[in-house]
Structures are given as structure tokens and as C-alpha cells.
Amino acid sequence: MSREIGIVGASAAGLFTAQLLSQAGRRVRVFECSEDFDPKPRTLIVTSFLNDILGPAADTAVVNQIRTFELFTDGRRAGITLRRPDLVIERTKLIHGLAAAARASGTEVLLGRRFLGMEHRGGKLALNVERSSDGISEDVRVDTVVGADGTASRVAKVAGWPAQKSVSLVQATVRLPQGLSPDTTRVWFIPDDTPYFYWLIPDSPTRGVVGLIGEDGPAARRALDRFMEKRDFTPLEYQAARIPVYSKWVPIRRRIGNSDVYLVGDAAGHVKVTTVGGIVTGFRGAHGVAEAILNGGPGYKLRALQRELGVHLLIRKFIHNFTQAHYSQVVDLLGERARKDLETYTRDEPGRVLWHLCLHQPRFLLLGLRAFLMGVRTPRARDEAQPAVTVRT
Ligand SMILES: Cc1cc2nc3c(=O)[nH]c(=O)nc-3n(C[C@H](O)[C@H](O)[C@H](O)COP(=O)(O)OP(=O)(O)OC[C@H]3O[C@@H](n4cnc5c(N)ncnc54)[C@H](O)[C@@H]3O)c2cc1C
């Protein structure tokens, strides 16, 4: 029980992992390169699973609730009224809440500490960490390391994991158009611009974020600017970063000497490849990593996450090649029962969504298969940066 854990990265996945391990009685230290807990603002939308995982601690981060999704494609519109509202959260508030909970459980959070490297020495892992206050680096000895340092994880690189593929998420804060209810999120499918989608997510009665996922950062930004200009949105400020594209399950543990190194969150690629959302799956990964550390090996929670990410990958493979006509067909095929399925099950239950949709509208399956095969025959240039989806989400 006295074995010490060092976590690199004090963001969503790292702080939640720290909290779980501290609560179990481990000594945990978190090393974060930023000097404060005020990361750049980022408006995020998550399912109500956030409440199930964090409990009331999630409440302080919630800035809005979404009850309706409006889907647009080629002049068509479909409305989905969620049974359990989605939550719009502000990342800075979430991080503050997680940091307070981790500290209250006994975690020591060290800000202004950049992880540079590590080596096995004297039966322990010596982490080389640089202090931003004076640029001096020191060695910190721990038994186990968890890399929660994001998409371009240095822990992963030093421990020998291969680099991850990633996509660019870019969004701009805008004033909401007249008449748009703040509890409604809009989604546009425009496959000529992106194999993913555009969104407008209100984060207050007057403002929201418009964004898209693209494979190339500058091209995504140009597409977003064109999209906003066409619809009269004036960008107030931009938020952007690269997020991993899940293409297959990668074991989250490696050995250095006789010590363990784990990855969690974006560093481990625990991101839904359908929507490129990583908050809830990152928390699930945190549960899985904590379980593996405490029990001496991966358990049920990591296997469940692996299955879930696999279903997202399957769905993405089906829809990644969708043309405008495919999306129009989806909207046309959305009968009452299929719509109810989308209202009842969330994107954090992909197995249930897929099963019920195929049961109630088998033509979705045919449509997906046809688009998948089309991509196999005629892969598009943009697919090169894609997951094991050499086909054409
Ligand atoms: C514009 C945008 C919108 C998004 N919208 C959504 C959304 O609506 N829903 C959703 O679920 N997800 C969304 N995401 C994705 C989501 O933000 C990420 O999946 C999530 O933040 C990942 O959390 P993490 O803790 O794994 O990593 P990160 O948040 O990337 O944190 C990594 C931490 O490690 C620190 N660090 C890095 N290197 C070092 C080092 N060498 N030493 C010490 N510390 C280090 C960093 O400073 C940082 O604090 C969005 C992303 C973007 C960019």
C-alpha cells in the first residue's frame, strides 16, 4: 500500500485518476507543466453520464443543459428531444472541481512541473521534472507512472508507445442567432467539408460555440470561417487543439524495469471516434487504470471501455464515407421508433444505439454497409489520415 504513484498531467483524466487512487489509500503526486489551473477556455458537451461518474461534483462545471438536437443535411431537418438532457460544461470549472476533489482525497498537485523523461533506477522510476519557476530539473522517485498528458503525450513517447493519429477540433464563440433556444444544439452534415460534422452548442442564453472536426488544422479553420460567414456568425474567439483518433485498442500498460507505466485519457486515445469526445471516456479510462493499478492487472472496466470504443469505431467506419445523399436518406429513414432510440440512448451507450437502430430500421445497416464498401473501392484523399479505416468515424 505504500507504493507511490506519479501522474503527469493535471487535466480531466489525470486529476480523476489521482482522486480514485488517493481515495484507495495510495500516495499520489500529480505533475502539471502549467503554472495554474486556468487552461484556455473550452466549451464541451457531454452526456448525463458525467453526473453518473462524478456525482454532484459535476454540477459546478455545468453552464447549460441541452434538451433538443436539430440535425441538418441538404435542406432536410430532424429534431431529437433527449430523454436525459446533455450537459454543456466549461473546462476550467471542471478542472477546478476535479483538482479540489483530488486534493481533498490526499493527492499532492504540483503545478509548474514539466515532465522531461524517466529511467529505471534502484528499483524505482526516476522522473525528470523541470520547475518552471527557475528552470531547474529534479528527479522524483515513484513506483508507478500514469501518463495523462494529452494527445502528444511525452510519457507515451519516452515509454515507447507509437505516436497517435489525431484530428483538429476548432470552434469559435459566437452570439446566438435570434430565435434559437439555448437548450437546442444544431448539427450540420456537410461531407464535402468534413467527414464529421459542424455544431452550434449554446453555452448561455446569448452565446454558444460553432465548430467542426477536420483532419488538417488550417483547412478546418478555413472551412469554419466560410461556414460562419455564410450563416452570419461573427467569431468572438477561437478554441482549438488536436485530439486523438481512435483506430484500435492499445494496451495501456508498459513495463520499464520492474515498474509500470500507464496511459489514460487522450494520452491513451480513449476518445469516441464517432464524435471525437474524450471527457466521459477519459473518466472511464481513469476508473479502468485505477482498477488495474490497485488490483495488479486490467479488469472489467477497461474491457468495457475497449468494447465501447470498438463500437464507436465500427459506426465511424460505416458513416465515414457518407455522401450528402446518404445523410439525406438517414433523415428520411428516421421513423418514430428509430427517433425514440436516439432520444433514449446516448452516445455513451453506442452498443445500445446501434442494436436498437438496426432493429427498428434495418435499412440503416444496409446504408452503412454500402457506404463502407464504397469507401473500400474508392478511398478519398482525406481518408489517408484516418484510423484503421483505410476505408471510407
Ligand atoms: C475545441 C475542442 C472541443 C472539444 N469538445 C469536446 C466535447 O464537446 N466533448 C468531449 O467529450 N470532448 C471534447 N473535446 C475533447 C476533450 O477536451 C479532451 O478529450 C479532454 O480534454 C482530454 O482530457 P485529458 O485529461 O486526457 O488531456 P488534456 O486535457 O489534453 O490534458 C493534458 C494535461 O497534461 C499537461 N501536460 C502535457 N504535457 C506535459 C508534460 N510534459 N509535463 C507535465 N504536464 C504536461 C497539459 O498541460 C494538460 O493539463 C474537445 C476538444 C477541443 C480541442
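The basis for the numbers below is simple: all heavy atoms, side chains too, and nothing from hydrogens, waters or symmetry mates. Counting convention: from 1, in listed order, for ligands and their atoms alike.
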Side chains of residues 237-244: which donor-acceptor pairs under 3.5 Å do they make with residues two or more places apart or in other chains?
| unit_1 | atom_1 | unit_2 | atom_2 | d |
| --- | --- | --- | --- | --- |
| Tyr238 | OH | Asp225 | OD1 | 2.6 |
| Gln239 | OE1 | Thr43 | N | 3.1 |
| Gln239 | OE1 | Gln171 | NE2 | 2.6 |
| Arg242 | NE | Ser166 | OG | 2.8 |
| Arg242 | NH2 | Ser166 | O | 2.7 |
| Arg242 | NH2 | Glu215 | O | 2.9 |

One pair per line, please: each N/O atom of ligand 1 matched with every protein N/O atom under 3.5 Å away, atom names first, then the distance to 0.1 Å.
| unit_1 | atom_1 | unit_2 | atom_2 | d |
| --- | --- | --- | --- | --- |
| ligand 1 | 8 (O) | Ile45 | N | 2.8 |
| ligand 1 | 8 (O) | Ile45 | O | 3.4 |
| ligand 1 | 9 (N) | Ile45 | O | 3.0 |
| ligand 1 | 11 (O) | Gly278 | N | 3.1 |
| ligand 1 | 11 (O) | Ile279 | N | 3.1 |
| ligand 1 | 12 (N) | Gly278 | N | 3.2 |
| ligand 1 | 17 (O) | Arg42 | NH1 | 2.7 |
| ligand 1 | 19 (O) | Asp266 | OD1 | 2.8 |
| ligand 1 | 19 (O) | Asp266 | OD2 | 3.4 |
| ligand 1 | 25 (O) | Ala12 | N | 3.2 |
| ligand 1 | 25 (O) | Ala13 | N | 3.0 |
| ligand 1 | 26 (O) | Asp266 | N | 2.8 |
| ligand 1 | 29 (O) | Ser11 | OG | 2.7 |
| ligand 1 | 31 (O) | Ser11 | OG | 3.4 |
| ligand 1 | 41 (N) | Phe115 | O | 3.2 |
| ligand 1 | 42 (N) | Phe115 | N | 2.9 |
| ligand 1 | 44 (N) | Cys33 | N | 3.2 |
| ligand 1 | 47 (O) | Glu32 | OE2 | 2.6 |
| ligand 1 | 49 (O) | Glu32 | OE1 | 2.7 |
| ligand 1 | 49 (O) | Glu32 | OE2 | 3.3 |

- Salt bridge between Arg113 and Glu130, side-chain N to carboxylate O under 4.0 Å?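 No.
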- Do the ring planes of Phe72 and Trp188 sit parallel (below 30°), tilted (30 to 60°) or perpendicular (above 60°)?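 Phe72 and Trp188: parallel rings.
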When the side chains of residues 293-302 are checked against the rest of the protein, which donor-acceptor pairs come out under 3.5 Å, sequence neighbours left out?
none

- The single option from Trp249, Tyr262, Phe283 passing ring pair (Phe, Tyr, Trp, His ring centres under 6.0 Å) against His270: Trp249
- Note on the structure: Residue pairs passing the salt bridge (charged side-chain N to carboxylate O under 4.0 Å, His left out) test with at least one member in residues 81-108, sequence neighbours excluded, are Arg27-Glu108, Asp52-Arg84, Asp86-Arg347
